[in-house]
> 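Take this structure, written in structure tokens, and hold onto it; I'll ask about it next.
Proteins come first, then strands; the chains are lettered A, B, ... in the order of their sequence lines, and each starts at number 1. These numbers come from a predicted model, not from an experiment.
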Amino acid sequence: MIDLKYIEKNFDEAAAKLKKKGVDTQILEKLKTLFVQLKEANSALEAAQAEQNSMSKLFGQYKREGKDVGELKAKVDENKERIAQLQEKAREAEAALYEVALAIPNFPDDAVPEGEDEEDNVELRKVLEPRRFDFEPLEHWALAEKNGWIDFERGVKLAKSRFSVLRGDAARLERALINFFLDTNREKGFEELCVPFMNNAHMLQGTGQLPKFEDDLFKIEGEDLYLIPTAEVPLTNMYNGEILPESELPVLMTGYTPCFRKEAGSAGRDTRGMIRQHQFDKVEMVAIAHPEKSDDVFEMMVQNASDILTALGLPHRVVELCTGDLGFSAARTIDLEVWLPGQNKYREISSISNTRDFQARRAKIRFKDGKKNKLVHTLNGSALAVGRTLIAIMENYQNEDGSIEIPEVLKKYM
RNA sequence: AGGCAGGUGGCCGAGUGGUCGAAGGCGCACGACUGGAACUCGUGUAGGGUUAAUAGCCCUCGAGGGUUCGAAUCCCUUCCUGCCUGCCA
């Protein structure tokens, strides 16, 4: 959640920042008004409560001294009713505020390039030259068919469209990639975690998926549980509500999980093949960092993900997202896009974001800064999306006869 | 899933209607003592909101609701933990 006090005190600055992300100034005006109303409602309530408290103390004293409490009781009863009314008002004001506040996205960093959509993203660098083919490279679904690697039909039969089954060497390669990613991340200092694949609503609100993006999530019927859309949710919320000693920062975590997304709103996009599925595997990095160190941690995470692609021999480029393409919680995001020769395109394979204190405020993750508690910064990024890496290997390592080489670094895992 | 017992500060633990945000202990921090340390002694030590404020005030004893002038304490709901029974990888 964004800092309401900041909006109250630096309204124009806040409005300018959020405008870059496509948020209307009117909503912010409303938010500010609601915030002030809540504070007013609360202080009225608290004044009445203070009165009640002191009268109640008197009441006890009178009783002990054997004085008559009739008059006092009348006063206190009257005030009690007033409190109930004020409480109701405060409650309403709070609900109205949070309904708006929780739907407002994070501020983009000042340095993020301005733009409307992905067209305006900025390529920072390319890593590795794409290989030259002396034949026409196939797309991954054609290769999958030739090798019997992906069973799209039976995936659909078992679940529904946008599900698939990996078979034989593809299944083994998927597993090898997971292990390779986890080992690499662990060597970089990330603790490996194995977490629940379902999380409750409170956690999903902490990282920003709820309440606004409920339609993108699979919910378990009759339970307060959702299938996680990314390991960012359980990993970041590991410390939900906690106060960490400063000496423990940064907390670096990595974990493999399947990810479940309804892909609402992406009808018709990437329907062929395995680019966009309802379930996919991902190895995620999450960092809980000191606010002054989060930029360094961010760079490290980008470099780590890029290094993994390099180790796999996969050409990729590093792209800084523009303000309009930033996700809801992100202040800054760098995408890694891997080269897919079959599609003749770079496609997203990792997305690394610094959410600053946006998730920390929602999830109440803090650290002890001397005597005070301050919000941490949280960061997340894929290292890497497993299914898309599999696709990239298929397309980049294909031979003319349709067979696929295994990258050197993966051989020990197969 | 059923039965029983519980959920109090960083930890242990007292508290069954008012003077309790909470005894005592441990831990931790600072100070005194010391050449330095241990011991000992003293002081301090939850979170959130409002605020210029570490002043005052309000809220929080798992969570939510209720009874009461007044709730950590009584009642209801719910979540969680432990043990027993059942089921199960």
> Could you state the CG-C1' distance from A:Leu72 to B:rG70, rounded to the nearest angstrom?
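So the two atoms are 11 Å apart, to the nearest Å.
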
> Nearest of B:rG65, B:rG47, B:rU68 to any side-chain atom of A:Lys80?
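Taking heavy atoms from C-beta onward, the closest nucleotide is B:rU68.
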
> Write down the distance between CG (A:Asn79) and P (B:rG70), rounded to a whole number of angstrom.
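From A:Asn79 CG to B:rG70 P: 10 Å.
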
> When you look at A:Ser306 and A:His316, which way does the side-chain contact (heavy atoms from CB on, under 4.5 Å) test go after all the steps?
CA-CA 8 Å; A:Ser306 177; A:His316 57 283; 2.8 Å; yes

> Work out how far the P atom of B:rU73 is from that of B:rG62, and round it to whole angstrom.
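After rounding to an integer number of Å, I get 8 Å for this pair.
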
> Counting only side-chain nitrogens and oxygens, does A:Lys368 get under 4.0 Å of the OP1 or OP2 atom of B:rC28?
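The answer is no; no side-chain N or O of A:Lys368 sits under 4.0 Å from OP1 or OP2.
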
> Take atom P in B:rG42 and the same atom in B:rC33, then report the distance between them in whole Å.
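Per the computed distance, 16 Å lies between those P atoms.
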
> Any heavy-atom pair between the side chains of A:Tyr226 and A:Leu210 that's under 4.5 Å?
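When only atoms from C-beta onward are counted, A:Tyr226 and A:Leu210 do touch, with a gap below 4.5 Å.
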
> Between B:rU8 and B:rA63, how far apart are the C1' atoms? Round to whole Å, please.
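Result for the C1' pair: 15 Å, nearest Å.
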
> Heavy atoms under 4.0 Å, any strand shown: does A:Asn373 hit a base, just sugar-phosphate, or nothing?
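Sugar-phosphate contact only.
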
> Using atom C1' in both nucleotides, what's the gap between B:rG47 and B:rU54 to the nearest angstrom?
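One C1' to the other, the span is 15 Å.
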
> Could you say whether A:Lys63 or A:Gln52 is positioned toward the 5' end of RNA chain B, judged by the nucleotide with the nearest heavy atom to each?
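First, find each residue's nearest nucleotide; the 5'-ward one identifies A:Lys63.
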
> With RNA chain B as reference, determine whether A:Arg366 or A:Arg91 sits nearer its 5' end, using the nearest nucleotide of each.
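Going by which nucleotide is closer to the 5' end, it is A:Arg366.
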
> Can you check each nucleotide of nucleotides 57-64 of chain B against protein heavy atoms at under 4.0 Å and return B for base, S for sugar-phosphate only, - for none, in 5' to 3' order?
SSS-----

> Classify the ring geometry between A:Phe218 and A:Phe163 as parallel (under 30°), tilted (30 to 60°) or perpendicular (over 60°).
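Ring orientation of A:Phe218 relative to A:Phe163: tilted.
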
> Could you report the tightest heavy-atom contact between A:Ile352 and A:Ser350, atom names first, then the distance?
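Closest pair (atom of A:Ile352, atom of A:Ser350, distance): CD1-OG, 3.5 Å.
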
> Just N and O in the side chain of A:Lys39: are any of them under 4.0 Å from OP1 or OP2 of B:rU50?
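For A:Lys39, the contact criterion (side-chain N or O under 4.0 Å from OP1 or OP2 of B:rU50) is not met.
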
> Taking all non-hydrogen atoms of both residues, which atom of A:Tyr397 and which atom of A:Gly313 are closest, and how far apart?
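What the structure gives for the nearest pair is OH-CA, 3.7 Å.
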
> Run the side-chain contact (heavy atoms from CB on, under 4.5 Å) check on A:Thr236 and A:Ile365 step by step: do they pass?
CA-CA 9 Å; A:Thr236 306; A:Ile365 308 173; 4.3 Å; yes

> Measure from CG on A:Leu244 to C1' on B:rG47 and round the result to the nearest Å.
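Rounded to whole Å, this separation is 15 Å.
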
> Starting at atom NZ of A:Lys57, determine the distance to atom C1' of B:rG17, rounded to an integer number of angstrom.
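Whole-Å distance recorded here is 15 Å.
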
> Please check the phosphate of B:rU51 (OP1 and OP2 only) for any side-chain N or O of A:Lys5 closer than 4.0 Å.
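A:Lys5 to B:rU51 OP1/OP2: no side-chain N or O under 4.0 Å.
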
> In terms of relative ring orientation, are A:Tyr6 and A:Phe107 parallel, tilted or perpendicular, with 30° and 60° separating the classes?
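A:Tyr6 vs A:Phe107 ring planes: perpendicular.
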
> Between A:Met301 and A:Met285, is the side-chain contact (heavy atoms from CB on, under 4.5 Å) condition met? List the steps.
CA-CA 8 Å; A:Met301 287 166 71; A:Met285 309 175 275; 3.9 Å; yes

> Using 0.5 Å steps for rounding, measure from the CD atom of A:Glu248 to the NZ atom of A:Lys368.
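Result: 13.0 Å between the selected atoms.
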
> With rounding to whole Å, what would you report as the distance between B:rA23 and B:rA72 at their C1' atoms?
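It comes out at 14 Å once rounded to the nearest Å.
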
> Under the criterion side-chain contact (heavy atoms from CB on, under 4.5 Å), I'd like the reasoning laid out for A:Lys212 against A:Leu102: C-alpha separation, chi angles, the key distance, then a yes or no.
CA-CA 8 Å; A:Lys212 203 176 175 189; A:Leu102 288 173; over 6 Å; no

> Taking Watson-Crick (N1-N3 plus N6-O4 or O6-N4) and G-U wobble (N1-O2, O6-N3), each under 3.5 Å, can you produce the dot-bracket string of RNA chain B? Use [ ] for crossing pairs and | for inter-strand ones.
((((((((.[[[..)..(.....]]]((((((.......))))))(((((.....))))).[[[[[..)....]]]]])))))))....

